Amino acid sequence: MQPYKSIKTIRFIAFIIFLAGIFSIHKLTANSNSNENQIKILTWWGYLSDKQKVSEIEIQCGVNLDITEYTTVEDLVAMSNVNSYDIYIYPWGYNLDIKENLPPSNSNLTDLTNDYHPNIKEKYNNSNIPENTLFFQHAVSMFVYNQDYFPTFNEITLDDIFDASKNGKVFLMNEPKQVDWLLSSMNTTSNDTLWNQLYVSVKESKRQGRHKEAGFEFSNFGQDYINENLLIGYLDSGEILNPNLNWSPNANKKLNLRFDFHNNMSHVSSDVISLNSNKPKAECLARKLGSRDFLRWISEENYYFSPYHDIPNGLSPDLTSLSNKFYENLNNFAWIDDLLFNHEPSKHALNTWKKIRKCQDLDQCG
């Protein structure tokens, strides 16, 4: 009887192995399908925060989105160093900073650019942007300023801005390249000298204990700029145009604030969407995200400018006028993306930036 029992046992074991093999094949297939359906995106904070809108696109392309957000370009570079993503939404001017980390792609999305605004289409064609990458949104650096302090806005200089920091709050973007561009835009002296002047100003306001009512602050968020001592702020249009911001929150000190572009110190910058995957469903998603309909919605939610020339709804007449002014004057503004490629901040500038941040954030002012 023992041989019979052994044969039964062997057959049973073989059957179990067969089932395990079937299960393993099924599991591998399921994982493969799961990997094909999961699309990883690295993007600026806020662009894809609407869960309902994201869910609609997931259904349209049959995907599950894994969205990673960043709030600074330093985070963008750090995250792209650690992980690979199927789709990247990032400032084109920082392409060289992350280019080595982008997975290769054979995708061609350029047919979507045919309906761009003519000036933006021309800029796209002249920017050496690869075929797997599209313009996503445009920003123009703008100023919010107290007209009582700056009655003739377009005549102000960097010296005027430094002087204003002694009498009230001056806000700049929290990005060293943007600050470096601003300092170089007037070409009054060397950038290193201006960086030294900026650091001394920050350090003095801290030393004197006046940093809450005067001096420089750095932020990319319009909400942070709202301050009863605000004299001037330099910020992307998407933040300034946001109608949800109340720029005069203090009824006892109503500020005479105005918003405008500056002839010499304003510039255009571009966020792009880059498809760095050969998954068909990733391309479906990239095409949805780069389409006119979706970018019109993004502009209406975030108040940046679509490459298709669609002005956000819900803006006041003054801000709508500024939006029209942006498209009408596209060729008159500097496009900082190319300048960011060719004009890197000096080592002195970057080291001074670190000192400024330590002084402001940690009270370590040297």
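The structure displayed is predicted, hence computed values, not measured ones.
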Exercise. With the threshold set at 4.0 Å, does a side-chain nitrogen-carboxylate oxygen contact exist between Glu300 and Arg296?
Worked result: no

Exercise. Is any side-chain heavy atom of Leu230 closer than 4.5 Å to a side-chain heavy atom of Val144?
Worked result: yes

For this session: To the nearest 0.5 angstrom, please state how far the SG atom of Cys359 sits from the OH atom of Tyr199.
Result: 5.0 Å

For this session: State, to 0.1 Å, how close Val272 and Phe135 come at their nearest heavy-atom pair, and which atoms those are.
Result: CG1-CD2, 4.0 Å

Problem set entry | Aromatic ring proximity Phe218/Trp353, centre distance under 6.0 Å | yes

Exercise. Does Ile87 reach the side chain of Ser274, with side-chain heavy atoms less than 4.5 Å apart?
Worked result: no

Problem set entry | Spacing of CG belonging to Leu172 relative to CG belonging to Leu198, to within rounding of 0.5 Å | 7.0 Å

Exercise. Is the Tyr70-Trp44 ring centre distance short of 6.0 angstrom?
Worked result: yes

For this session: Measure across His138 and Ser306 and return the closest heavy-atom pair with its distance rounded to 0.1 Å.
Result: CD2-C, 4.4 Å

Problem set entry | Donor on one side chain, acceptor on other, Ser141 and Gln178, under 3.5 Å | no

For this session: Using side chain to side chain contact (heavy atoms under 4.5 Å, CB included) as the criterion, list what pairs up with Gln60, not counting sequence neighbours.
Result: Ile57, Lys288

Exercise. Asp66 and Tyr85: side-chain donor and acceptor closer than 3.5 Å?
Worked result: no

Problem set entry | Worked check of side chain to side chain donor-acceptor pair (under 3.5 Å) between Asn146 and Asn256 | CA-CA 5 Å; Asn146 188 329; Asn256 185 14; 5.1 Å; no

Exercise. Hey, what do you get for CG (Asn246) to CD (Gln223), rounding to the nearest 0.5 Å?
Worked result: 9.0 Å

For this session: Run through Trp247, Tyr234, Phe143 and flag the one making a ring pair (Phe, Tyr, Trp, His ring centres under 6.0 Å) with Phe259.
Result: Trp247

Exercise. Rounded to the nearest 0.5 Å, what separation is found between the CG atom of Leu289 and the CG atom of Leu48?
Worked result: 6.0 Å

Exercise. Can any side-chain N or O of Asn108 pair as donor or acceptor with the backbone N or O of Thr110 at less than 3.5 Å?
Worked result: yes

Exercise. Is a side-chain donor or acceptor of Asp86 paired with a backbone partner of Lys40 at a separation under 3.5 angstrom?
Worked result: yes

For this session: State, without any angle test, whether Asp159 and Thr157 hold a side-chain donor-acceptor pair at a distance under 3.5 Å.
Result: no

Exercise. So do Tyr145 and Asp260 actually touch side chain to side chain, heavy atoms under 4.5 Å?
Worked result: yes

Exercise. Would Ile336 and Ser269 count as a side-chain contact (heavy atoms from CB on, under 4.5 Å) if you check the C-alpha gap in whole Å, the side-chain angles of each, and the deciding distance to 0.1 Å?
Worked result: CA-CA 6 Å; Ile336 196 174; Ser269 57; 3.5 Å; yes

Exercise. Any donor-acceptor pair under 3.5 Å linking the side chain of Asn242 with the backbone of Gly238?
Worked result: no

For this session: Evaluate the criterion side-chain contact (heavy atoms from CB on, under 4.5 Å) for residue pair Ser299 and Tyr304; output intermediate values, then yes/no.
Result: CA-CA 5 Å; Ser299 294; Tyr304 288 91; 5.5 Å; no

Exercise. For the residue pair Phe221 and Tyr225, what are the closest heavy atoms and their distance?
Worked result: O-CD1, 3.3 Å

For this session: Would you mind listing every disulfide bond (SG atoms under 2.5 Å apart) that reaches into residues 191-238, with sequence neighbours excluded?
Result: none

Exercise. Cut-off 3.5 Å, side chains only: do Asp180 and Asn191 have a donor facing an acceptor?
Worked result: yes

Problem set entry | Residues which pass salt bridge (charged side-chain N to carboxylate O under 4.0 Å, His left out) with Glu204, listed by chain and number, not counting sequence neighbours | Arg207

Enumerate, atom names and distances included, each donor-acceptor pair closer than 3.5 Å involving a side-chain atom of residues 209-217, sequence neighbours excluded.
| from | atom 1 | to | atom 2 | distance (Å) |
| --- | --- | --- | --- | --- |
| Arg210 | NH1 | Lys166 | O | 3.1 |
| Arg210 | NH2 | Lys166 | O | 3.4 |
| Glu217 | OE2 | Lys169 | NZ | 3.0 |

Exercise. Can you tell me if Ser80 uses its side chain to pair, donor with acceptor, with the backbone of Leu76 under 3.5 Å?
Worked result: yes

For this session: Could you pull out all residues at least two apart from Ser49 that satisfy side chain to side chain contact (heavy atoms under 4.5 Å, CB included)?
Result: Glu69

For this session: Answer whether the closest heavy-atom distance between the side chains of Tyr303 and Ser237 falls below 4.5 Å.
Result: no

Problem set entry | Stepwise side chain to side chain donor-acceptor pair (under 3.5 Å) test for Asn101 and Ser84 | CA-CA 7 Å; Asn101 298 323; Ser84 292; over 6 Å; no

For this session: Check whether any side-chain N or O of Asp50 sits under 3.5 Å from a backbone N or O of Gln52 as a donor-acceptor pair, and report yes or no.
Result: yes

Exercise. Any donor and acceptor pair, going by atom type alone, linking the side chain of Thr72 with main-chain N or O of Asp75 inside 3.5 Å?
Worked result: yes

For this session: Would you name the heavy atoms of Asn264 and Ser185 that are closest together and state the gap between them?
Result: O-CB, 3.8 Å

Exercise. Where do Gly290 and Leu295 come nearest, in terms of heavy atoms and distance?
Worked result: O-CD1, 3.9 Å

Exercise. Can you tell me if Asn174 uses its side chain to pair, donor with acceptor, with the backbone of Asn220 under 3.5 Å?
Worked result: no

Problem set entry | Contact summary for Leu235 and Gly222, nearest pair of heavy atoms | CD2-CA, 3.6 Å

Exercise. Cation-pi between Lys325 and Phe261: NZ/CZ under 6.0 Å from ring centre and within 45° of the ring axis?
Worked result: no

Problem set entry | Residues Asp115, Arg292: salt bridge by 4.0 Å N-O rule | no

For this session: Spell out, yes or no, whether Val170 and Val200 are grouped together once hydrophobic residues are joined by side-chain heavy atoms under 4.5 Å, including indirect joins.
Result: no

Problem set entry | Centroid separation Trp335 to His267 less than 6.0 Å | no

Problem set entry | Interatomic distance, Asn119 atom CG to His309 atom NE2 [nearest 0.5 angstrom] | 10.0 Å

Exercise. Is the shortest heavy-atom distance from the side chain of Gln137 to the side chain of Ile298 under 4.5 Å?
Worked result: yes

For this session: Would you check if there is a donor-acceptor pair between the side chains of Tyr47 and Asp271 at a distance under 3.5 Å?
Result: yes

Exercise. Is it true that Tyr308 and His117 have ring centroids separated by less than 6.0 Å?
Worked result: no

For this session: Only counting residues at least two apart or in another chain, list the ones meeting side chain to side chain contact (heavy atoms under 4.5 Å, CB included) with Asp363.
Result: Lys206

Exercise. For Ser291 and Asp293, does a side-chain donor sit closer than 3.5 Å to a side-chain acceptor?
Worked result: no

Exercise. Any side-chain donor-acceptor pair under 3.5 Å between Asp224 and Ser219?
Worked result: yes

Exercise. Is Tyr90 close to Ile98 at the side-chain level, that is, under 4.5 Å between some pair of heavy atoms?
Worked result: yes

Exercise. Do Asn64 and Asn37 have side-chain atoms, one donor and one acceptor, less than 3.5 Å apart?
Worked result: no

Problem set entry | CG-CG distance between Leu182 and Leu158, expressed to the nearest 0.5 angstrom | 5.5 Å

Exercise. Ignoring hydrogens and geometry, is there a side-chain-to-backbone donor-acceptor pair from Ser165 to Phe162 under 3.5 Å?
Worked result: yes

